[in-house]
Amino acid sequence: MEKILISACLAGERVRYDGQLSPLDHPLIRQLALQDRLVKFCPEMAGGLPMPRPPAEIVSGSGQDVLTGHAPVKTIQGEDVSRAFISGAEQALSLAVKQGVKAAILKQRSPSCGKSEIYDGTFSGTRIPGTGVTAALMRQHGILVFSEDDMAELEAFL
């Protein structure tokens with residue numbers, strides 16, 4: 001059975017920027033866990049960022065723009081953390097390839113993992129259409145990306 005990459009925060013690990021838990025409690029996730037099909041990964045922690053850490057957002061773009069050097073990921077204090085986000089995305093992709101992963105469940109609105117919605121880079125809570133850095137890299141390499149809002153679609157895929 002194919003493995004599914006999942007954001008470690010959705011798998012119940014304390015890796016979010018604010019140290020809070022945000023597990024995805026869904027029957028499908030519980031089933032995949034029982035089948036040992038979930039590969040847990042946090043690109044931000046893998047990229048070298050601590051927990052807790054200052055919130056970060058993509059400024060003037062989305063994940064693809066970060067990957068091409070056309071937009072930065074900055075913390076609320078203005079520190080450019082793009083390199084950590086790119087490194088974490090590359091490590092997530094490497095793990096996915098090694099594990100034969102064809103799909104990933106990533107945390108919506110995250111600057112790393114957002115599937116279709118991220119924050120606008122102003123730290124005002126404004127959401128915009130866009131992908132996070134890891135989600136963009138996964139898609140570039142043919143890995144299907146789902147969010148916690150897409151359990152019906154993931155079930156249909158499986």
Side-chain angles (χ1 to χ4, degrees), residues 2-18 20-33 37-47 49 51 53 55-68 70-74 81-82 84-97 99-158:
E2 285 182 2
K3 298 274 189 175
I4 309 292
L5 187 87
I6 186 169
S7 293
C9 62
L10 294 177
E13 294 186 11
R14 194 178 299 274
V15 294
R16 280 177 44 103
Y17 77 94
D18 59 5
Q20 298 297 307
L21 291 173
S22 64
L24 176 56
D25 185 24
H26 189 278
L28 180 57
I29 299 303
R30 290 192 297 271
Q31 176 188 349
L32 292 169
R37 293 179 62 190
L38 296 176
V39 178
K40 304 171 192 175
F41 194 80
C42 176
E44 294 175 27
M45 297 284 290
L49 297 174
M51 191 284 302
R53 56 191 169 274
E57 295 184 5
I58 299 171
V59 179
S60 300
S62 78
Q64 186 60 39
D65 299 310
V66 174
L67 291 169
T68 60
H70 292 101
V73 183
K74 290 192 174 186
V81 289
S82 303
F85 277 75
I86 293 168
S87 174
E90 290 169 343
Q91 291 177 62
L93 178 62
S94 177
L95 178 62
V97 169
Q99 294 281 334
V101 165
K102 302 285 186 244
I105 308 163
L106 303 179
K107 180 73 178 129
Q108 188 68 293
R109 293 176 287 286
S110 158
S112 286
C113 297
K115 173 198 167 207
S116 58
E117 186 177 65
I118 57 174
Y119 292 101
D120 72 351
T122 65
F123 298 93
S124 64
T126 304
R127 299 173 186 177
I128 60 170
T131 58
V133 180
T134 298
L137 191 62
M138 292 284 182
R139 282 185 173 157
Q140 266 183 3
H141 288 83
I143 296 171
L144 294 175
V145 176
F146 299 89
S147 78
E148 66 270 28
D149 302 328
D150 301 326
M151 291 299 96
E153 291 89 344
L154 177 61
E155 195 161 17
F157 166 76
L158 297 173

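On a predicted model such as this, the values are computed, not experimentally measured, just so you know. All residue numbers in this chain count up from 1 along the given sequence.
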Visitor: Determine the minimum heavy-atom distance between Leu67 and Ala136, stating which atoms define it.
Guide: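 That would be CD1-CB, 3.9 Å.
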Visitor: Could you check whether any side-chain heavy atom of Leu38 comes within less than 4.5 Å of a side-chain heavy atom of Leu5, counting everything from C-beta outward?
Guide: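 With C-beta onward as the side chain, the pair stays apart.
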Visitor: Under a 3.5 Å distance rule, please check whether Arg37 uses its side chain to pair with a backbone N or O of Glu2 as donor and acceptor.
Guide: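 Between the backbone of Glu2 and the side chain of Arg37 there is a qualifying donor-acceptor contact (under 3.5 Å).
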Visitor: What I'd like to find out is whether the side chain of Leu49 reaches to under 4.5 Å of the side chain of Val81, using heavy atoms alone.
Guide: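 Side chain of Leu49 against side chain of Val81, heavy atoms only: contact under 4.5 Å found.
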Visitor: Give me the atom names and distance for the closest heavy-atom approach of Cys113 to Ser7.
Guide: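 Heavy atoms of Cys113 and Ser7 come nearest at SG-OG, 3.5 Å.
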Visitor: Measuring only between side-chain heavy atoms, which start at C-beta, is Met151 closer than 4.5 Å to Leu24?
Guide: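 The answer is yes, as the side chains (C-beta and beyond) meet within the 4.5 Å cut-off.
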Visitor: To the nearest 0.5 Å, how far apart are NE2 in His26 and CG in Leu154?
Guide: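 So the gap between those two atoms works out to 9.0 Å.
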Visitor: Could you tell me if the side chain of Phe85 sits less than 4.5 Å from the side chain of Thr134, heavy atoms only?
Guide: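 Counting from C-beta outward, Thr134 and Phe85 never come under 4.5 Å.
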Visitor: Would you say the side-chain atoms of Ser110 pair up with the backbone N or O of Ser112, donor to acceptor, closer than 3.5 Å?
Guide: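 Yes: the side chain of Ser110 pairs with the backbone of Ser112.
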Visitor: Mind running side-chain contact (heavy atoms from CB on, under 4.5 Å) on Leu158 and Leu32 for me, showing each step along the way?
Guide: CA-CA 10 Å; Leu158 297 173; Leu32 292 169; 4.0 Å; yes
Visitor: For Ser82, check side chain to side chain donor-acceptor pair (under 3.5 Å) against everything at least two apart and list the hits.
Guide: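 Result, side chain to side chain donor-acceptor pair (under 3.5 Å) vs Ser82: Asp80.
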Visitor: Is the shortest heavy-atom distance from the side chain of Leu95 to the side chain of Val101 under 4.5 Å?
Guide: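 A side-chain contact is absent here, since even the closest heavy-atom pair is not under 4.5 Å.
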Visitor: Holding to side chain to side chain contact (heavy atoms under 4.5 Å, CB included), I want the full list of residues that pass it with Glu90, two or more places apart in sequence or in another chain.
Guide: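 With sequence neighbours excluded, Glu90 shows a side chain to side chain contact (heavy atoms under 4.5 Å, CB included) to Arg83, Ile86, Leu137, given in chain and number order.
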Visitor: Holding to ring pair (Phe, Tyr, Trp, His ring centres under 6.0 Å), I want the full list of residues that pass it with Phe146, two or more places apart in sequence or in another chain.
Guide: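 Partners of Phe146 under the ring pair (Phe, Tyr, Trp, His ring centres under 6.0 Å) test: Phe157.
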Visitor: Without swapping roles, check the side chain of Gln91 against the backbone of Pro43 for a donor-acceptor pair under 3.5 Å.
Guide: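 Judged by distance alone, no pair lies under 3.5 Å.
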Visitor: Gly61 and Ala71: which non-hydrogen atoms are nearest, and at how many Å?
Guide: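 So the minimum-distance heavy-atom pair works out to CA-CB, 4.1 Å.
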Visitor: Let me confirm one number: the CD1-CD1 distance from Ile58 to Ile118, rounded to the nearest 0.5 Å.
Guide: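 One gets 4.0 Å once the value is rounded to the nearest 0.5 Å.
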Visitor: Do Pro72 and Val66 touch side chain to side chain, with heavy atoms closer than 4.5 Å?
Guide: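 Counting from C-beta outward, Pro72 and Val66 never come under 4.5 Å.
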Visitor: Rounded to the nearest 0.5 Å, what separation is found between the NZ atom of Lys107 and the CZ atom of Arg109?
Guide: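 Here the interatomic distance stands at 5.5 Å.
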Visitor: So how far is it from Ser62 OG to Ile128 CD1, rounded to the nearest 0.5 Å?
Guide: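 Output value for this atom pair is 7.5 Å.
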Visitor: State whether the number of non-hydrogen atoms from other residues, nucleotides or ligands found under 6.0 Å of Lys3 atom NZ is greater than 12.
Guide: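 Buried by this count: over 12 neighbours within 6.0 Å.
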Visitor: Would you check if Ile105 and Leu10 make a side-chain contact, meaning some heavy-atom pair closer than 4.5 Å?
Guide: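 With C-beta onward as the side chain, the pair touches.
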Visitor: Please name the pair of heavy atoms, one in Phe41 and one in Gly88, separated by the smallest distance, quoted to 0.1 Å.
Guide: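 Closest heavy-atom pair between Phe41 and Gly88: CE2-O, 3.6 Å.
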Visitor: Return the set of residues passing salt bridge (charged side-chain N to carboxylate O under 4.0 Å, His left out) with Asp150 (not counting sequence neighbours), or none when no residue passes.
Guide: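 If we apply the salt bridge (charged side-chain N to carboxylate O under 4.0 Å, His left out) test to Asp150, skipping adjacent residues, the hits are Lys115.
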Visitor: Would you check, one step at a time, whether the test salt bridge (Lys or Arg N to Asp or Glu O under 4.0 Å) holds for Arg53 with Asp18?
Guide: CA-CA 6 Å; Arg53 56 191 169 274; Asp18 59 5; over 6 Å; no
Visitor: Restricting to side chain to side chain contact (heavy atoms under 4.5 Å, CB included), what partner residues turn up for Thr122, sequence neighbours left out?
Guide: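 Thr122 satisfies side chain to side chain contact (heavy atoms under 4.5 Å, CB included) with Asp120, Ser124 only.
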Visitor: For Gln108, does its backbone N or O pair with a side-chain atom of Glu148 as donor and acceptor, under 3.5 Å?
Guide: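 Present.
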Visitor: Taking only residues two or more places apart in sequence, or in another chain, which ones meet Gln64 in a side chain to side chain donor-acceptor pair (under 3.5 Å)?
Guide: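 For Gln64, the residues satisfying side chain to side chain donor-acceptor pair (under 3.5 Å) (neighbours in sequence not counted) are Gln140.
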Visitor: With rounding to the nearest 0.5 angstrom, report the CG to NZ distance, Leu144 to Lys102.
Guide: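 Rounded to the nearest 0.5 Å, the CG-NZ separation comes out at 10.0 Å.
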Visitor: What pair of heavy atoms forms the shortest contact from Gly12 to Pro23, and how long is it?
Guide: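 Looks like CA-CB, 3.8 Å.
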Visitor: Give the minimum heavy-atom separation between Ser22 and Arg16, together with the two atoms involved.
Guide: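 Reported closest heavy-atom pair: OG-CD, 3.2 Å.
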Visitor: In sequence, state the C-alpha distance, the side-chain angles, and the governing distance for Lys74 and Glu57, and then conclude on side-chain contact (heavy atoms from CB on, under 4.5 Å).
Guide: CA-CA 6 Å; Lys74 290 192 174 186; Glu57 295 184 5; over 6 Å; no
Visitor: Atom OG1 of Thr126 and atom OH of Tyr119: how far apart are they, to the nearest 0.5 Å?
Guide: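 Answer for the OG1-OH pair, Thr126 versus Tyr119, is 9.5 Å.
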